[in-house]
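Fair warning: this is a prediction, and the values are worked out from it, not measured in the lab. A, B, ... follow the sequence lines: proteins, then strands. Residue 1 opens every chain.
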There are 2 protein chains.
Amino acid sequence: MLSNKAKYALRALGYLAGKYPGGPVQIAEIAEQQKIPLKFLETILLELRKADILLSKKGKGGGYTLERDPKQISVASVIRAIDGPISMLPCVSLYFYKKCDDCDETHCSLNRVFTDVRDATIKVLEKKTVRDLI
Amino acid sequence: MLSNKAKYALRALGYLAGKYPGGPVQIAEIAEQQKIPLKFLETILLELRKADILLSKKGKGGGYTLERDPKQISVASVIRAIDGPISMLPCVSLYFYKKCDDCDETHCSLNRVFTDVRDATIKVLEKKTVRDLI
DNA sequence: TAATACTCTACTAATTTGGTAGGATAATAA
DNA sequence: TTATTATCCTACCAAATTAGTAGAGTATTA
Ligand code: FES
Ligand code: FES
């Protein structure tokens, strides 16, 4: 399951995609329109900026904009930025790989099975973009 | 991510599949062979029995056996029994559906996107069986 | 009737999730 | 230059979930 945080992130990005290209949008506007708790959204958008998904501008007339065209931002990259791994096991993760202590990867049936699952899931998630979230 | 519990469940089932068909296998043997904490495995196997994935027999010569041929037990059904939903959003779950309060499903882009993700993931997970975990 | 092996409920500690609080910092404009 | 606006950042907190453990109960068999 996606965390609530990731769901908020995707909703916020969808909202920004709907206004792309255009001037900065303030957190308060996104929070209100998408019914996301303001302070929570602050931390979320900050994380998305640090993941190079958003650009920010401070002060009057400031706010957030997408770092690039919505079509160039995959849903997969957003989930990774907020929730971390997409795979169902650490030992099959592409971006968050972690070896299994008690298990030899080359002979592990679980590893094989969940590699296939990962490939199917990620194929879809990499193709879907923030443009699809408008 | 799968919980540790689900991972243990799949490993235990893989072990039982390797001995299928055959007499009952005791929890202690599975725990030792697969390096799973005994008392934890007890609760896991109990859940699998309640989900009609395992059969149990008490007393001397007792233990657990698969309820049916390993090829007839999908990995998806095991995950559902232990971790619950496979989908990334409650509102796209087939077996654990939960409506989104703040969101109209018929016009929701998140819903559309994660329905596609669910379909791709589940297609693989329904095809994989405990036979593949030997 | 004693030994074996699953059954069941309840409990606990550690981690993660879903936030909130409050001040710091940067940009703009009067 | 100072007030205002809006993001930045760290730290904190409560509730939920996860990963087990404890211990007594029940059924089966020899
Ligand atoms: S489960 Fe990760 S290598 Fe076996
Ligand atoms: S996110 Fe569930 S219906 Fe929109």
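- Of the N and O atoms on the side chains of A:Glu29 and A:Tyr15, at least one donor lies less than 3.5 Å from an acceptor on the other residue.
- The side chain of A:Leu46 lies closest to D:dC9, out of D:dC9, C:dC8, C:dG19.
- We find that A:Arg11 and B:Asp102 are joined by a salt bridge, their nearest charged nitrogen and carboxylate oxygen being less than 4.0 Å apart.
- Between the C1' atom of D:dT17 and the CG atom of A:Leu2 lies a distance of 17 Å, rounded to the nearest Å.
- The distance between atom CD1 of A:Ile82 and atom P of C:dG18, rounded to the nearest whole Å, is 12 Å.
- We find that CG of A:Asn4 is positioned 17 Å from P of D:dA15, with the value rounded to whole Å.
- Contact check on A:Lys5 versus A:Asp83 returns no salt bridge, with no Lys/Arg side-chain nitrogen under 4.0 Å from an Asp/Glu carboxylate oxygen.
- Note: CG (B:Leu55) to P (C:dT7) measures 11 Å, nearest angstrom.
- Residues B:Arg80 and B:Glu47 are not paired through a salt bridge, judged by the lack of any N-O separation under 4.0 Å between the basic side chain and the carboxylate.
- Here D:dT10 presents its P atom at 12 Å from CD of A:Glu47, a figure rounded to the nearest Å.
- A heavy-atom distance below 4.0 Å to DNA chain D is reached by these residues of residues 22-32 of chain A, ordered by number: A:Gln26, A:Ile27.
- Rounded to an integer number of Å, the gap from B:Lys7 NZ to D:dG20 P is 10 Å.
- Applying the 4.0 Å criterion to OP1 and OP2 of C:dT7, one finds that B:Ser56 has a side-chain N or O inside that range.
- Within the 4.5 Å cutoff, the side chain of A:Leu110 has heavy atoms near those of the B:Leu10 side chain.
- The distance from the OG1 atom of A:Thr106 to the CZ atom of A:Arg112 is 9.0 Å, given to the nearest 0.5 Å.
- Within 6.0 Å of OH in A:Tyr97 there are more than 12 heavy atoms belonging to other residues, nucleotides or ligands.
- Straight-line distance from the CZ atom of B:Phe40 to the P atom of C:dA13: 17 Å, rounded to whole Å.
- Taking side-chain N and O atoms only, A:Tyr8 has no distance below 4.0 Å to OP1 or OP2 of C:dG18.
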note = Counting primed atoms, P, OP1 and OP2 as sugar-phosphate and everything else as base, the B/S/- map of nucleotides 22-30 of chain D against protein heavy atoms under 4.0 Å is BB--BSBS-
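- In this structure the side chain of A:Thr129 never reaches within 4.5 angstrom of the side chain of A:Ile73, judged on heavy atoms.
- Between the P atom of C:dC6 and the CG atom of B:Leu41 lies a distance of 9 Å, rounded to the nearest Å.
- A 4.5 Å side-chain heavy-atom check between B:Leu55 and B:Tyr64 finds every atom pair outside the cut-off.
- Between B:Lys50 and C:dC8, a side-chain N or O to OP1/OP2 separation shorter than 4.0 Å is present.
- Residue B:Arg49 is the one, among B:Arg49 and A:Ser3, whose nearest nucleotide of DNA chain C lies closer to the 5' end (criterion: closest heavy atom).
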